[in-house]
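To start, the structure itself, in structure tokens.
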Amino acid sequence: MPEVSRFAWRCRRGSALCQAYDLGTMSGVPEKPSLENVEPKWIDSWDQNGTYAFDRSATRDNVFSIDTPPPTVSGSLHMGHVFSYTHTDTVARFWRMRGKSVFYPMGWDDNGLPTERRVQNYYGVSCDASVAYVPNFQPPFRGDPPKDHRAVPISRPNFIELCEELTAEDEKIFEDLFRRLGLSVDWSLLYTTIEDRSRRASQRAFLRNLVRGEAYTQEAPTLWDVDFRTAVAQAELEDRDRPGAYHTIAFHKSDGSGDVLIDTTRPELLPACVALIAHPDDPRYQPLFGKIVRTPLFDVEVPVFAHPLAQIDKGTGIAMCCTFGDLTDVIWWRELQLSMRAIISRDGRIVNEPPSGLTDSAGLAHYASLVGKSAKQAQTAIAEMLTTSGEMIGEPRAITHPVKFYEKGDRPLEIVTSRQWYIRNGGRDAALRDSLLARGAGLNWLPDHMRHRYSNWVEGLNGDWLVSRQRWFGVPVPVWYPLDAQGETLHDSPLVPDESLLPIDPSTDAPVGYTEAQRGQPDGFIGDPDVMDTWATSSLTPQIAGKWQDDNDLFERVFPFDVRPQGHDIIRTWLFSTMVRSHFEHDVAPWSHVALSGWILDPDRKKMSKSKGNVVTPADLFDSYGSDAVRYWAVGARPGVDTAFSEDQMKVGRKLATKLLNVSKFVLGIGEVADDVVPTEAIDVAMLHRLAGVVDEATAAFEAFDYARVLERTEEFFWWFCDDYVELVKTRGYLSHTEDGAMSARAALRRALSTMQRLLAPLLPFVTEEVWNWWQSGSVHQSQWPTTSALTDGLTDGPNEELLDAICGAIGVIRRAKTEAKVSQRAVVTEASFVTSINAASAITAGWADIADAGSVEKWSISTADTNEITVDVTLAPNIH
RNA sequence: GGGCGUUUAGCUCAGUUGGCUAGAGCAUCUCCCUUACAAGGAGAGGGUCGGGGGUUCGAGCCCCUCAACGCCCA
């Protein structure tokens, strides 16, 4: 046969001959099904019909509630969002079809530092609390300020207005993208973390913590980011390996009997030294305990103490304790009741005022030369001075060591003393810690091993939760302080607002009983200047989404929530802090299940990141493959497992969606059948029983949040159905033989089609809605989840896998024979001789008419042998071409 | 240093309580316009289940051990 171009074949297929097969009698089934434009059509339909609206008349037993993660509105949504939100959506859709009223809100986390930074970069401004408010302020830029632009300082209210303006734009984009992805969110439940209702919930919960003694304020050493100029909580720390150098420094014994050598990586803190510390069991230093030594360069007297945290094998075994170089210094300072000699300011520079105890004139001169230097510059300077004075022993020895950073910061954290607010979290209270551990142990973790992340974190807490931040765009700490007659702040007796007044801003609102004129005056008041950590608000998402106190009738219908979906990277922050708040406020865990999603990895198995330039835009993928196809890729990943980004999988998903269109068109177009016809042919009945098994498995899998298994089992059946079952029965279904046989096939095809469309509906919501509406009324997403009883209703025979296997095996060997002979599958087999087991032979005999139709077999024979295999010899008709 | 996870075909992964010849998709190769679908279909090849040891009639799965990779915590 001469080679024919694909184009020529297409022309032939489009000819009148091909169009003669008329689908016009099937109402709703398009002649040429397509995935084009189905998404906008159904997005609008769902919106207009309230398909996903939460029915708040449902009682808690009939509600499935989801504590949706509110994405941070500081840029764009990426594939990680698409991935994990799809997982949650499939589960939401399943429970909706199971008859639950699904509480599926969305929130935007527009609160906090990421937004501040984005506003600074986008508008070319910076916040300065001393600048006056400018009505109708216009920022110098809206997007992409030039690189040499210097940020324009603006007032806090103006800054916040810009924050709100920018997040509103971003949130619209986010919503559009999530709608496009097909999330079955009830958008009327949308919340943002900066809106009044969230600030009210956040401040109310804080004030209740305060009343119960769970929140407290304290002046204490705190980890501090010198660039952001804010305190940082333990949960926001990360260790980074950084180059450093051990400097060996000589301290001088006060009795003149020689030197004590210490090793330090931070010689610049020498003026802040308050003691030397060695291990109590270290014989080298036992004679020194309780004695006094003098610091080099500054000649300040410091005591030598014993403490078990000193490491015998580290350096010379005796350490310089400064206020403060690291967290161990804080412990020593507290437990040994040492002096305070702070020399690092909140912007990371050496302070003007020399520390206490420094009186030596040469020492003062040395100190003066350090003032204003950054820690790094001071280190260089002090190393030079020590070398000059001969008090540095040898050269500094380079090492690499872990240094604590704020996770969003660029310079190592310092420790400064400041007044901060804390919420108890078990870090300083064993009984509370045990309670929180028990709460975590009581959760259903998906996957289960993630529970260790929680217990690991709680057991490792070394302090309470620091919730105050020295920032602007956040929820203000809702307290004021009275000032005494001298104008001094009375921190121990804060003034609190009544809950009915919330939310408040203590920087602009005056407390009850005071007037604004008394702000900052003796015997007046002053507002707390700080805002709360973003997690202090995010930890209340169940309360915010459920409208706690604002609508308690609603709250009681949804709380505690059924599931918290989230990433495993924020177990220590979001998950744990939510647990803390719920434990205190409601004495219950905020959810029964926690579903942790995995990471998206690029094809090189590295976590996808913007800096590597390998982030793909979700919208582009929706355009290329369709939302269902992108969801297919996401759903294919096992719960909690890191997954490689794969456009190949999206192509497969696209194929599946297209196939569902085509097979639906076929089943609905093969011919009419009365609704009450019950399938009777053995193969039809066996197929329905096989599908019933899939329904059982899919249902159990969804109940366990295992959407991936639902897809796997449904998809496996679906392709078998298309490739084997449909091929076997299509000729019979066209009414080629008997009326009964045709009706049995048509009825079975329709039962199966309805079931498969519903099984796939939570996974591929667009294409299933499209094909469902060709022949059913209402949304597939409000239809009932398939049941085995409906699927097998009226069938007189039971399951028969052996029959299906034998018949499909027989058609399989005939196909293989044709492929090996390199002829078309349509080629006629004049004679086929099978050899197989007795049981398979009887099954093949029973199903022979369908096999003969599908394989175009004219004459056949079968003999039995002691084998489970099916083999066949075929004689092919001469090729008529 | 402690904890958790992973290791199965070229790639991405299933493999449920230990049980027939270890599966799927992708990729590769071959063939096929066929009356739902060529944006399709029918087939084929490809694996020492990370290494070693053990338990068992039987191990990808259970136990011990080693290794590599990843993550969490210190």
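Heavy-atom basis, side chains included; hydrogens, waters and symmetry copies ignored. All values derive from a computational prediction rather than experimental measurement. Letters go in sequence order (proteins before strands), and every chain restarts at 1.
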Task: Student check: side-chain heavy atoms of A:E727 and A:I811 closer than 4.5 Å - done: no
Task: A:W535 side chain near A:I570 side chain, heavy-atom distance below 4.5 Å - done: yes
Using a heavy-atom cut-off of under 4.0 Å over every strand shown, decide if [X] touches base, sugar-phosphate, or nothing.
X      : result
A:Q234 : sugar-phosphate
A:V726 : base
A:E727 : base
A:V652 : sugar-phosphate
A:W633 : nothing
A:R713 : base
A:G812 : sugar-phosphate
A:R709 : base
A:D648 : sugar-phosphate

Using the [atom1] atom as the point on both nucleotides, what is the distance between [M] and [N], in whole Å?
N     : M     : atom1 : answer
B:U21 : B:U8  : P     : 23 Å
B:U48 : B:A59 : C1'   : 14 Å
B:C64 : B:U6  : P     : 15 Å
B:U7  : B:U34 : C1'   : 45 Å
B:G54 : B:C61 : C1'   : 15 Å
B:G19 : B:C72 : P     : 35 Å
B:G47 : B:G23 : C1'   : 11 Å
B:U12 : B:C20 : P     : 27 Å

Counting distance only, does the side-chain N/O of [X] pair as donor-acceptor with the main-chain N or O of [Y] below 3.5 Å?
X      : Y      : value
A:R746 : A:G733 : yes
A:T90  : A:H87  : yes
A:T830 : A:V828 : no
A:T819 : A:R815 : yes
A:K818 : A:G855 : yes

[X], nearest nucleotide to its side chain (from [options]):
X      : options             : result
A:N456 : B:G43, B:C73, B:A39 : B:C73
A:E869 : B:A74, B:U21, B:U30 : B:U21
A:K659 : B:C37, B:G2, B:A42  : B:C37
A:D723 : B:A38, B:A74, B:G41 : B:G41
A:S824 : B:G3, B:G25, B:C32  : B:C32
A:D239 : B:G5, B:A74, B:C31  : B:A74

Would you please confirm or rule out a distance under 4.0 Å between OP1 or OP2 of [N] and any side-chain N or O of [X]?
X      : N     : result
A:R638 : B:C13 : no
A:R453 : B:C71 : no
A:Q311 : B:A74 : no
A:K655 : B:C26 : yes

- [ ] Could you label the plane-to-plane angle of the A:Y725 and A:W720 rings as parallel, tilted or perpendicular, counting under 30° as parallel and over 60° as perpendicular?
- [x] tilted
For [X] and [N], what is the distance between atoms [atom1] and [atom2] respectively, to the nearest whole Å?
X      : N     : atom1 : atom2 : answer
A:K651 : B:C26 : NZ    : P     : 12 Å
A:Y632 : B:C13 : OH    : C1'   : 11 Å
A:K818 : B:C33 : NZ    : P     : 13 Å

Task: Partner of A:L759 by side-chain contact (heavy atoms from CB on, under 4.5 Å), out of A:L691, A:L711, A:T768, A:T699 - done: A:L691
- [ ] State whether A:W574 and A:R564 meet the cation-pi test: NZ (Lys) or CZ (Arg) under 6.0 Å from the six-membered ring centroid, and within 45° of the perpendicular axis.
- [x] yes
- [ ] Step by step, work out the salt bridge (charged side-chain N to carboxylate O under 4.0 Å, His left out) result for A:D850 and A:R732.
- [x] CA-CA 7 Å; A:D850 288 339; A:R732 172 159 56 89; 2.9 Å; yes
Open item on the list: Quick check on RNA chain B: between A:P33 and A:Q825, whose nearest nucleotide comes earlier from the 5' end?
Closed with: A:P33
Task: Pairwise 5' ranking along RNA chain B for A:H568 and A:F721, keeping only the more 5' one - done: A:F721
- [ ] Pull out every residue in residues 695-706 of chain A that has a heavy atom closer than 4.0 Å to any atom of RNA chain B, ordered by number, or say none.
- [x] none
TODO: Toss me the dot-bracket line for RNA chain B: Watson-Crick and G-U wobble, both under 3.5 Å, 5' to 3', using | for pairs to another strand and [ ] for crossers.
DONE: (((((((..((((.....[...)))).(((((.......))))).....(((((..]....)))))))))))).
Task: A:Q757 and A:W774 side chains, donor-acceptor separation under 3.5 Å - done: no
